[in-house]
Amino acid sequence: MAEPLLTVENLQTQFFTEEGVVRAVDGISFTVEEGELVGLVGESGAGKSVATSSIMRLVEEPGEVVGGTVKYRDQVIIDFEEGPDGERRPSDEMLSNKQMRDEIRGNEIAIIFQDPMEALNPVFTVGSQLKEFIEINRDVSGKEAKQIAIDMLREVGIPEPEERYDSYPHQFSGGMRQRVLIAMALSCEPSLIIADEPTTALDVTVEGQILDLVDELQDKYGTSFVWVTHDMGVVAEICDRVNVMYLGEIIEQAEVDDLFHDTKHPYTQALLKSMPRPDETVEELNPIKGVMPEAINPPPGCRFHTRCPDAREVCRRTRPVYQDVSGPEGYPHRVSCVKYESVGYEDSEPLDTEATAAFGGDIIEAQGESNE
Amino acid sequence: MSRLRYTIGRLLQAIPVLIGVVTITFLLTDAIPGDPVSIMLGPSPSAQQAAAIRAKFGLDQPLYVRYFNYLFDVIRLDLGESLYYSVPVTQKIMERLPITMLLMVSSFTFALVTAIPLGIISAKRRNKPADHISRVVALLGVSTPSFWIGLMLIIIFAFNLNVLPATSLVMPWADPSTVDGASNQIDVIITAIQHLILPTITLGTLQMAAFTRIERSSMLEVLGEEYVKLARAYGVSEGKILRKHAFRNAQLPLITIVGLQLTTALGGAVLTETVFNINGMGRLVITAIQNQDFLLVMGTTLMFGVVFVVGVIITDLSYAYVDPRVSFDGGD
Ligand SMILES: Nc1ncnc2c1ncn2[C@@H]1O[C@H](COP(=O)(O)OP(=O)(O)O)[C@@H](O)[C@H]1O
Ligand code: SF4
Ligand SMILES: [Mg+2]
């Protein structure tokens, strides 16, 4: 297989707050191949947004990437080495901040944010914002940049793009603004677009239209995507491969069909069960019980054991290993759960988890209000 | 075109406000105790003399008649004749207003030119030494009375160091022959600037302090916005983010405060003019009140009202110019 476009290995990002160290991203690894659409899915607060800004080296105070490696093709975005005093320090091979700005952000990796209402600057016209980013990231004149912007607006389905070019963001609806942000990303011709819950703020009909649009444009331009979402339905619709995240860790990774039909991790199972289905009423919804614990003080052993319906005594003591459980052929299917290890799960006593308790919050409902 | 439409709309709205200003000024002046006639004629005038004066100024007529007479006079820009100076009130105002305006414009410019960079540096270096210093300076600026600042400046720079003049203002457009030691217009301008420095600092310090804090907090807020993150994610440099992506948005709260500070500054101008012996509007008002020159009181009060209304309109228009959400309709 060719070298992946993006390789993330054991990435760790922490926030140093007054309450303590928040281990927001705690050693995640995944890859994105050329032309692939990879999902990053998990409840609100799992660390998805922090993971995406870490990859772009855009984590803000008090946060800091403290470990791991991120490579884009052969360029080293993040890497650490051991200094003479034994301290971990950023390695020399890492791109400089200027290189990140000039060579990676925008022109190689572009980003689409969750909230289209906030992501465009209210005091500049939509067109001038597009044009500026195109000029920064592509070797074109101002006039060409404007033409590219207009063509791309047309491509993402903005009617009368010549006129709309001079409109201000507040003159667009939410769905139209998200189209503008997609146009912005595509028009810089990056090889990878990271979309952080781009449809979460939109209503279902508009979400459907946007997903269709992305599907179509991805075919056309062959751009790779990291698609961040909390919605398994969206994953099923557009992703090739999925990483499921829980409390700073990726706990399962597989091709999308594999993940849906041969689900390994109890958390993934719970996420799938909690998906609203047309043949079910609201009462039949199956939300995951309990709330995700704080990332400051994650539970020992398996982090999911406080909510896992299959939790046993051993889960509280043993850190599951993230391992490949696929057969000899086929794409790797990785999972971290002691059920797939030989550490005595079968003989262990069942745990009394919140998953069996009578109450439990509907966490899926509480999406998107984590830390914005 | 939307901006033009907004501008016209805003100007039209000013008309009823100005009529309101005239009305309130008229009623307030009428309510001031004391009889202007006795001031004009001395302690014990004869009944005929008093009646004649009353008739001359229309004071024998009922309130509403006098009100409408005054309103129509104002519309014709006739503010009557000052009892104290025996010249038309408008003439006196035209003489004094430019002096006060020069002082106001100069001190607002001083405040903005210093406050904007200070606020931005504070925001960029949040909780670092530069930020702490600017906080202390702002705190001192807000809490020190301006007349005290004025007196200190006079003692230090005029009396002790003898480097700057301490009294009156010179208009930069004055005729060189009327200005001591000036042989050409450049000399006049230099003299004018020297005279302006101390009063400007006196009047502008409070504004500067207030503007610095506003600039800092709004810059901090804007730097945390999604669109700033987006600009970073597309490779825009930090310098350009400050200068372009954050700057314009961050000025919106400042514009609002500039408009509101106008009243404080008008009050401050009266004090500053007194401390520096400047013959501007502030001292004219005081003279008018002391001498119960009721037409002059009305005229000057009216003028302060007009200056404030115009200031607010300019504020609103700048706001609308900077923020398209105000002047452009949404069209989803
Ligand atoms: N600025 C911050 N300061 C402290 N903690 C933060 C900050 N930003 C994010 N976190 C923490 O990092 C964790 C992951 O957040 P996030 O990546 O936004 O989750 P997601 O995008 O999956 O909903 C959360 O526990 C959140 O509280
Ligand atoms: S390790 Fe145990 S608690 Fe964790 S997911 Fe597997 S079964 Fe559940
Ligand atoms: Mg998020």
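Just so we're on the same page: letters track the sequence lines, and every chain starts at 1.
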*Using non-hydrogen atoms only, which part of A/L181 is less than 4.5 Å away from chain B: side chain, backbone, both, or neither?*
both
*Decide, yes or no, whether a salt bridge links B/R126 with A/E61 under the criterion of side-chain N to carboxylate O below 4.0 Å.*
no
*Please name the pair of heavy atoms, one in B/A231 and one in A/F133, separated by the smallest distance, quoted to 0.1 Å.*
CA-CZ, 3.7 Å
*asked:* Taking CZ in B/F308 as the centre, count heavy atoms belonging to other residues, nucleotides or ligands within less than 6.0 Å. Is the count above 12?
replied: yes
_Quick check on A/M56 against chain B: is it the side chain, the backbone, both or neither that has a heavy atom closer than 4.5 Å?_
side chain
_Spacing of B/K240 atom NZ and A/I136 atom CD1 [to the nearest 0.5 Å]_ = 4.5 Å
*Quick one: which of B/V228, B/V322, B/V236 has the most heavy-atom pairs under 4.5 Å with chain A, could you say?*
B/V236
*asked:* I need the minimum non-hydrogen distance between A/M184 and B/Y234, along with the two atoms involved.
replied: C-OH, 3.6 Å
*Give a yes or no on whether B/E221 atom CD has more than 12 heavy-atom contacts from other residues, nucleotides or ligands under 6.0 Å away.*
no
*Side chain, backbone, both or neither: which part of A/E132 has a heavy atom under 4.5 Å from chain B?*
side chain
*Which region of A/I111, side chain (C-beta onward) or backbone (N, CA, C, O), has a non-hydrogen atom less than 4.5 Å from a non-hydrogen atom of chain B, or is it both or neither?*
both
_Distance (rounded to the nearest 0.5 Å) between B/L230 CG and A/L58 CG_ = 10.0 Å
_Please determine whether the number of non-hydrogen atoms from other residues, nucleotides or ligands lying under 6.0 Å from atom NZ of B/K244 exceeds 12._
yes
*asked:* For B/D323 versus A/V123, what's the shortest heavy-atom pair and its separation?
replied: CA-CG1, 4.2 Å
*Quick one: what part of A/Q129 sits under 4.5 Å from any heavy atom of chain B, side chain, backbone, both or neither?*
neither
*With side chains defined as the heavy atoms from C-beta onward, is the minimum distance between A/F124 and B/R248 less than 4.5 Å?*
yes
_Distance-minimising heavy-atom pair for A/Y168 and B/R3_ = OH-NH2, 3.6 Å
*Atom pair CE (A/M100) and CZ (B/R232), whose distance is rounded to the nearest 0.5 Å*: 13.0 Å
*For chain B, which of A/E103, A/K98, A/R105 has the most heavy-atom pairs under 4.5 Å?*
A/R105
_How about CG on B/N127, more than 12 heavy atoms from neighbouring residues, nucleotides or ligands closer than 6.0 Å, or not?_
yes
*State, to 0.1 Å, how close A/P122 and B/R325 come at their nearest heavy-atom pair, and which atoms those are.*
CB-CZ, 3.4 Å
*Taking A/N121 for its side chain and B/Y227 for its backbone only, find out whether a donor-acceptor pair lies under 3.5 Å.*
no
